[in-house]
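Below is one structure, written out as structure tokens, with a few remarks after it.
As the structure is a prediction and not an experimental result, all values here were calculated from the model.
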Amino acid sequence: MSDTITYSASEKRFCLRTDSTLYVIDLYDGKYPLQRYYGPAVDTLPDAFHVYRAFSPYPTEYGPGFSFDTILSEYPTFGNGDMRHEAMRVKGPDGSGVTDFVFIGFKIDAGREPIPGLPYARPDADTETLEMHMEDPVTGCVLTLRYVVFPHEDVIARSYSLRNASGGSVVLENGMSLCLDIPRADFDLTYLPGTYGSERFNTKRPLSQGCFLMDSRRGSSSHHMSPFFALSDRGASEESGRAYGFNLVYSGNFRSMVEVDQNQTTRVLTGINPDTFSWKLAPGEVFHAPEAVMTYTDKGLGQVSRNFHRFANRHLARPCGFERRPVVLNTWEGTFFNINEDRLVKYAKEAAALGIDMLVMDDGWFGTRRNDLAGLGDWWECRDLFPDGLGAFVSRVKAQGVRFGIWIEPEMVNPDSDLYRAHPDWCLHVPGRRRSESRNQLVLDMGNPDVLDYLKTTFSKTFDGVGLDYFKWDMNRHLCEVWSSSLPADRQGEAYHRYVLGVYDLADWFRTQYPDAMIEMCSGGGGRYDLGMLPYCSQIWTSDTTDAVHRTKIQSGSLYGYPASMMSCHVSNHYNVVEDEQRMEFRWRVAMGGPLGYELDPTSLSDKVKETIRAQIAEWRNCEQIVLWGDYYRLTDPLAGAVYAYCHALPDAGELYLNFLQLVPEEPKTYVLKLIAADPDAVYKDRYTGLIVTGQQLRDGFAVRSERTDQLAKAWYFVRQ
């Protein structure tokens with residue numbers, strides 16, 4: 001065992017160390033874990049935080065010097081004197097939600113244990129786990145707090161499990177995965193709100209006394225608010241200043257809250273949204289919470305992003321299974337619902353000639369599905385479209401020299417479908433109330449084992465032996481009238497969470513049933529763009545918006561908390577822009593921000609555009625490693641001006657890839673872009689122009705001139721000589 005996690009019995013102190021940070025938990029009177037310190041690695045800790053305020057209750061055995069209302073609590077519970085928002089509320093047999101968990105033991109292990117039914121970060125050889133065991137003698141509940149330390153990414157993952165050790169039932173009414181109390185409040189909050197087609201627009205606001213809530217009650221993490229957020233020093237820059245980053249490895253309703261109290265202490269909470277959650281625990285039953293992650297740096301928000309990018313790439317995302325990430329051609333914007341076997345074979349032939357690796361057949365291939373009015377849930381091949389069967393069609397496509405992928409939307413059902421007519425009780429609904437539709441769809445009850453059995457059986461019959469290389473999993477509406485026919489009345493509060501567990505169960509089935517196939521997640525674009533999906537997929541469709549100017553803002557925001565390797569990006573042909581050389585260049589450069597794909601009709605392109613696409617894909621192959629796996633540096637904010645500039649750097653700074661994207665016309669001005677990842681002692685050569693420049697010059701600032709035009713793209717690829 002290394003010294004990543006240590007315990008001092010004399011000081012009653014746990015120390016959790018990463019390469020750059022230290023996290024310290026003290027046990028007050030050996031009973032109550034207090035948050036002592038989280039920051040850069042230091043030899044001497046600051047003084048402990050103690051303060052008394054009038055109207056703050058205190059346990060009589062300790063006197064007014066100790067109040068749950070003013071301490072820095074590691075995991076606060078409801079009703080014991082802490083008037084701030086709690087991390088946990090458990091309703092016991094007496095009907096109250098008051099608990100008083102006290103420390104009873106701990107365990108430190110190498111590696112980590114899986115979280116049953118939930119995604120979690122994979123360990124490496126240096127990962128260690130601390131388990132702190134707590135007990136509430138009145139309710140008979142045992143709480144285990146888990147801290148999984150990933151030292152080389154400066155990330156700590158936190159979760160809990162709650163076991164009912166009493167003789168009666170209890171109800172978990174609130175259970176946050178992470179709480180962090182910080183003894184200051186002079187922070188700016190950065191978070192990622194949005195809406196459909198405008199997801200994850202980075203937003204910043206100063207903290208003040210009170211509560212700021214970021215959440216989803218839509219059944220998924222949603223287009224409207226991302227689980228990622230960060231706190232940074234006021235006045236901190238991209239590359240300097242103290243900053244904390246947070247995220248949740250979960251794909252359902254979440255709540256993240258930042259509360260500043262009477263003492264200017266900041267409390268951070270994140271976990272399952274308690275507004276749509278409760279969980280009944282019979283004697284002996286255990287509830288497992290999703291994992292939350294946190295990071296700290298004194299190198300600004302840019303380093304928060306890079307820490308989370310490395311963490312997601314190394315410990316969460318599923319490898320794609322191919323030697324390189326495939327460039328896909330998705331049929332949606334070329335055909336919409338007009339699926340035709342001969343037409344798609346022609347698509348495949350043209351795609352192969354362009355250097356595209358994968359043809360993905362989107363919506364409209366199954367059952368009676370010819371528009372969005374019918375057929376969802378009937379997951380069998382349409383023999384009118386594929387007279388010789390889906391397998392024969394896939395063989396024809398692959399004979400053209402490309403792989404083949406297919407679109408699915410497993411969680412949904414049209415009322416006009418064989419599935420709904422046979423099992424109307426299998427969708428989420430409340431007896432006696434309307435069944436609201438969205439996009440002509442209802443939502444299957446993914447928490448119902450019968451629904452999962454049907455989906456697994458049907459997909460297996462349709463897809464086994466077909467030779468599929470890729471699944472695009474979509475979700476095109478949110479949840480309402482959430483009630484499950486598979487649960488009794490006193491467990492209906494579990495329906496939202498059981499839905500998410502069912503999604504994970506089916507996603508894991510796809511992962512194991514088709515181990516050689518790549519999965520891309522989607523939810524009307526970026527409606528379930530979260531860390532919880534990553535262990536089941538390699539990338540996520542970032543947004544249904546493919547307008548390149550708008551995409552710069554979505555992609556820039558996404559990269560605050562999520563890696564470029566996750567961010568599926570396509571070149572599309574809205575308004576026939578591919579025939580405009582400058583706009584085609586701009587769309588491609590924007591789509592080079594993540595795994596590259598195309599969304600157009602390849603049979604309608606001119607020879608000039610085809611040659612352009614061939615060159616684009618060849619250049620992508622030269623850049624993909626640095627884009628997908630390099631360190632990312634934000635240089636300008638596209639929400640704040642005319643230009644989005646950023647740089648990718650391989651970790652040893654031997655290569656630097658600089659993109660300069662001008663969104664709107666402006667009077668020409670000079671942007672001085674500081675490439676701090678450059679080695680100051682090195683000499684670099686731009687692979688495109690042959691320009692020679694020193695690393696110190698790049699660090700001091702590389703000058704780029706804007707122009708009186710829009711949708712202008714410039715790029716440099718500096719290689720150390």
Side-chain angles (χ1 to χ4, degrees), residues 116-119 172 216-222 250-254 272-273 275-280 287-288 290 366-367 369 372 374-380 408-460 462 473-510 521-524 527-528 532-533 536:
L118 286 163
L172 176 62
S216 172
R217 299 190 295 178
R218 295 173 173 270
S220 68
S221 49
S222 84
Y250 188 62
S251 306
N253 293 342
F254 71 91
I272 296 175
N273 195 327
D275 287 349
T276 56
F277 170 82
S278 65
W279 197 271
K280 183 178 179 180
F287 177 81
H288 298 278
F366 54 93
R369 184 77 166 176
D372 65 4
L376 275 180
D378 300 339
W379 296 107
W380 48 82
I408 56 174
E409 194 175 4
E411 301 158 66
M412 302 296 157
V413 62
N414 286 128
D416 185 2
S417 67
D418 291 347
L419 174 61
Y420 184 78
R421 284 184 282 271
H423 297 285
D425 58 316
W426 278 6
C427 72
L428 295 172
H429 70 284
V430 180
R433 300 191 182 276
R434 74 167 69 90
R435 302 187 182 199
S436 299
E437 295 181 20
S438 179
R439 201 185 181 231
N440 309 300
Q441 297 175 194
L442 297 169
V443 184
L444 290 174
D445 179 7
M446 298 296 287
N448 185 336
D450 292 337
V451 171
L452 292 181
D453 288 346
Y454 164 81
L455 291 171
K456 293 173 184 178
T457 299
T458 304
F459 282 126
S460 182
T462 303
W473 177 320
D474 211 342
M475 179 205 186
N476 279 310
R477 65 154 293 180
H478 291 146
L479 280 55
C480 64
E481 289 116 32
V482 175
W483 185 92
S484 172
S485 60
S486 66
L487 294 174
D490 62 349
R491 286 189 176 269
Q492 288 298 326
E494 303 171 14
Y496 274 103
H497 183 57
R498 288 189 183 275
Y499 179 95
V500 179
L501 295 178
V503 170
Y504 290 149
D505 183 290
L506 186 62
D508 192 59
W509 179 85
F510 267 96
M521 291 294 179
C522 175
S523 176
R528 200 156 58 187
M533 295 273 66
Y536 308 101

Side-chain ([X]) to main-chain ([Y]) donor-acceptor, under 3.5 angstrom:
X: S216; Y: S222; value: no
X: R369; Y: A374; value: yes
X: D474; Y: M521; value: no
X: E481; Y: L428; value: no
X: N440; Y: N414; value: no
X: Y536; Y: V503; value: no

Can you give me the closest heavy-atom contact between [X] and [Y], atom names plus distance?
X: R477; Y: S438; value: NH1-N, 3.6 Å
X: P424; Y: R435; value: O-NH1, 2.7 Å
X: S486; Y: G447; value: OG-O, 4.1 Å
X: S436; Y: C480; value: CB-SG, 3.8 Å
X: W483; Y: H429; value: CB-O, 2.9 Å
X: P410; Y: M446; value: O-SD, 4.5 Å

Nearest 0.5 Å please: distance from the [atom1] atom of [X] over to the [atom2] atom of [Y].
X: M533; Y: S251; atom1: CE; atom2: OG; result: 4.0 Å
X: S221; Y: Y250; atom1: OG; atom2: OH; result: 10.5 Å
X: R528; Y: R218; atom1: CZ; atom2: CZ; result: 14.5 Å
X: T457; Y: L452; atom1: OG1; atom2: CG; result: 10.5 Å
X: D372; Y: N476; atom1: CG; atom2: CG; result: 9.0 Å
X: Y420; Y: L444; atom1: OH; atom2: CG; result: 11.0 Å

Residue of the set W379, W509, Y454, W380 for which ring pair (Phe, Tyr, Trp, His ring centres under 6.0 Å) holds with F459: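 Single ring pair (Phe, Tyr, Trp, His ring centres under 6.0 Å) partner of F459 among W379, W509, Y454, W380: W379.
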
Kindly state whether the ring of F510 and the ring of W473 have centres lying under 6.0 angstrom apart.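 Yes, ring centres under 6.0 Å apart.
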
Give a yes or no on whether the ring-centroid distance for F277 and Y496 is below 6.0 angstrom.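 Not under 6.0 Å, so no.
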
Before giving the answer on salt bridge (Lys or Arg N to Asp or Glu O under 4.0 Å), spell out for R421 and D378 the whole-Å C-alpha distance, their side-chain angles and the decisive distance to 0.1 Å. CA-CA 11 Å; R421 284 184 282 271; D378 300 339; 5.2 Å; no

When you compare the side chain of D505 with that of K456, does any pair of heavy atoms fall below 4.5 Å?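 Side-chain contact under 4.5 Å: yes.
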
So, do S484 and R498 sit near enough that their side-chain heavy atoms are less than 4.5 Å apart?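 No - every pair of side-chain heavy atoms lies 4.5 Å or more apart.
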
Once the angle between the rings of F287 and H497 is folded into 0 to 90°, is it parallel (under 30°), tilted (30 to 60°) or perpendicular (over 60°)?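 Plane angle between 30° and 60°, so tilted.
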
What do the steps show when you test L479 against E411 for side-chain contact (heavy atoms from CB on, under 4.5 Å), and what is the final call? CA-CA 11 Å; L479 280 55; E411 301 158 66; over 6 Å; no

What's the verdict on side-chain contact (heavy atoms from CB on, under 4.5 Å) for I272 and V500, showing C-alpha distance, side-chain angles and the deciding distance? CA-CA 11 Å; I272 296 175; V500 179; over 6 Å; no

For the CZ atom on R491, are there more than 12 heavy atoms of other groups (residues, nucleotides or ligands in this structure) within a distance under 6.0 Å?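 Yes, enclosed.
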
Considering the options N448, V443, L442, which one meets the side chain to side chain contact (heavy atoms under 4.5 Å, CB included) requirement together with D445?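 Checked N448, V443, L442 against D445; only one passes side chain to side chain contact (heavy atoms under 4.5 Å, CB included): N448.
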
Assess whether side-chain contact (heavy atoms from CB on, under 4.5 Å) is satisfied between Y499 and E494, documenting all intermediate values. CA-CA 9 Å; Y499 179 95; E494 303 171 14; over 6 Å; no

Could you please spell out the steps behind the side-chain contact (heavy atoms from CB on, under 4.5 Å) verdict for M412 and R439? CA-CA 10 Å; M412 302 296 157; R439 201 185 181 231; over 6 Å; no

